[in-house]
Number of protein chains: 2
Amino acid sequence: MATGRTHRPATRSRGIPEATVARLPLYLRALTALSERSVPTVSSEELAAAAGVNSAKLRKDFSYLGSYGTRGVGYDVEYLVYQISRELGLTQDWPVVIVGIGNLGAALANYGGFASRGFRVAALIDADPAMAGKPVAGIPVQHTDDLEQIIEDNGVSIGVIATPAGAAQQVCDRLVAAGVTSILNFAPTVLSVPDGVDVRKVDLSIELQILAFHEQRKAGEEATPDGAGPAAVTRRESTDQGPDGDVPAVMPA
Amino acid sequence: MATGRTHRPATRSRGIPEATVARLPLYLRALTALSERSVPTVSSEELAAAAGVNSAKLRKDFSYLGSYGTRGVGYDVEYLVYQISRELGLTQDWPVVIVGIGNLGAALANYGGFASRGFRVAALIDADPAMAGKPVAGIPVQHTDDLEQIIEDNGVSIGVIATPAGAAQQVCDRLVAAGVTSILNFAPTVLSVPDGVDVRKVDLSIELQILAFHEQRKAGEEATPDGAGPAAVTRRESTDQGPDGDVPAVMPA
DNA sequence: CGTTGTGAACGTCTTCACAGCA
DNA sequence: TGCTGTGAAGACGTTCACAACG
């Protein structure tokens with residue numbers, strides 16, 4: 001099968017690096033918090049600390065968007081919020097459907113972080129006839145039979161899959177056939193999609209496994225080799241979690 | 001704020017690259033599926049397809065673990081499952097606590113992917129007194145007041161935070177003070193932790209925002225510039241989601 | 001002969017360090 | 001003077017392509 005490059009073959013020098021795109025939501029969140037506290041301007045140093053990255057990286061990231069700062073001063077908070085929102089496409093309304101309303105699907109339906117970012121849960125879909133009509137997060141669950149109609153009626157282009165692994169590919173195929181071109185997959189399966197469709201995956205157990213790997217290493221160091229030891233009290237604001245590997249990462253923000 | 005290097009300063013040539021570590025769980029999942037179908041051996045090409053990566057990358061990844069394949073034949077499925085499990089530290093039992101038993105916390109408690117990978121939900125903790133004693137996923141919820149005692153009694157070193165954003169840092173501080181050294185954070189906040197503590201974050205709305213970015217670009221291309229057009233029917237198994245910026249990486253230390 | 005394991009080339013991301021500007 | 005914006009250097013990750021070997 002194809003390699004699964006991360007989007008745009010390589011062409012287009014006008015493109016914003018993927019690594020930068022993945023951090024924009026982080027900056028946006030920090031900026032929104034500053035905006036709510038009515039902070040007018042912020043330096044790259046301050047904003048970087050709030051977002052959990054270093055300032056050089058942040059300035060480099062912003063340089064891909066344009067020159068939105070003022071030397072000697074910093075960035076205008078409101079203006080940056082707008083520019084990043086626009087770049088991310090959050091100034092428009094994105095109707096999304098969530099398929100698979102189990103524990104996770106229900107949690108996603110109730111998640112406030114979606115609505116606050118221009119995402120609107122247009123419909124909840126489940127294969128269990130007993131669920132049909134029941135309201136979850138104030139939205140009545142609809143049956144899988146109507147999936148195609150729902151996608152079309154609501155002009156949905158983003159779908160969230162929260163079904164068991166066994167149903168994911170089938171649901172994915174139907175979503176894509178109905179016109180969905182972006183999928184957020186919570187099922188522990190590799191989805192196969194046609195070119196032009198983006199998939200991001202979030203796998204809860206993968207994250208834990210990565211933590212276990214590092215945890216295991218720590219245990220093997222007991223008596224710390226170097227001076228300081230594990231009791232050093234410096235604080236980090238680390239957000240970096242390194243490369244993903246592919247999905248990598250959905251990381252929800 | 002600190003730089004947030006991806007772990008181990010740079011020392012140790014014996015280290016496995018973070019990008020590789022992040023993919024090991026993917027390989028493990030694919031191998032487990034093969035194992036259940038009693039497939040004895042698999043080639044890098046086949047396994048790569050099942051895991052959604054390309055075969056060169058897979059072989060390179062495995063080369064960091066050792067020479068576990070047989071030229072002309074492929075890899076022994078059972079043997080690889082064992083080696084990867086060991087490398088990830090999954091041959092031991094990891095008791096974890098989940099703090100914040102709302103919709104998401106409950107979904108995590110019910111998530112089967114944990115138990116099947118050596119992770120044991122040792123306790124569920126919530127700040128709401130009304131929740132205390134109520135069973136979720138068969139485990140009685142305990143009150144936050146007992147957090148330190150619970151961590152100690154169960155020898156917990158991995159904690160999952162599924163609280164609202166406002167409570168996350170405080171919970172994090174208490175977990176760390178009680179001895180937790182790895183944290184999986186679902187709250188949309190940048191956690192500040194001492195050196196030696198790993199944090200990985202999963203942010204649901206960030207993933208959607210990244211999808212929205214690409215979705216927006218697609219819309220701006222309507223009439224495809226190049227020959228093929230968006231209707232090309234080749235299938236990908238794409239898993240790549242590019243760099244995270246956050247998710248993907250543990251980082252800390 | 002087929003497939004692994006890997007050096008080398010290449011591309012991407014991060015960090016440094018400082019020129020340029022308000 | 002202070003902070004942004006960025007070229008250049010370096011670290012890291014991916015892909016190529018083929019020698020090595022069962």
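Below, chain A is the first sequence line, B the second, and so on; all start at residue 1. Computed from a predicted structure; not experimentally measured. The figures here come from the full heavy-atom set of this structure, side chains too, leaving out hydrogens, waters and symmetry mates.
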First of A:Thr70 and A:Thr20 reached from the 5' end of DNA chain C, by closest nucleotide: A:Thr20
Donor + acceptor pair across side chains of B:Arg117, A:Ser205 (<3.5 Å): no
Nucleotide C:dG5, atom P - distance to CD of B:Gln83 in whole Å: 12 Å
DNA chain D: 5'-proximal contact among A:Gly72 and A:Asp61 (nearest heavy atom): A:Gly72
Within the 6.0 Å centroid threshold, strictly below: B:Tyr68 and B:Tyr79: yes
Rounded distance in Å - OH (A:Tyr64) to P (C:dT12): 11 Å
A:Glu18/A:Arg23 salt bridge by N-O under 4.0 Å criterion: no
Nearest-angstrom distance from the residue atom CD of A:Glu45 to P of C:dT15: 13 Å
Contact check, side chains of B:Phe62 and B:Thr20, non-hydrogen atoms, under 4.5 Å: no
Interatomic distance, B:Glu18 CD vs D:dG13 P [rounded to whole Å]: 8 Å
Separation of atom CG in A:Asn54 from atom C1' in D:dT6, rounded to whole Å: 15 Å
Sugar-phosphate only, base, or nothing, as touched by B:Phe62 at under 4.0 Å among non-hydrogen atoms: nothing
Whole-Å gap separating P (D:dC12) and NZ (A:Lys57): 12 Å
Atom-to-atom span, CG of A:Leu80 to C1' of D:dT4 - whole angstrom: 12 Å
hbond_proxy A:Arg59 side chain to D:dG5 base (donor-acceptor, 3.5 Å cutoff): yes
Check: B:Arg71 side chain, C:dT4 base, donor-acceptor under 3.5 Å: yes
Separation of C:dA8 P from B:Lys60 NZ (nearest whole Å): 10 Å
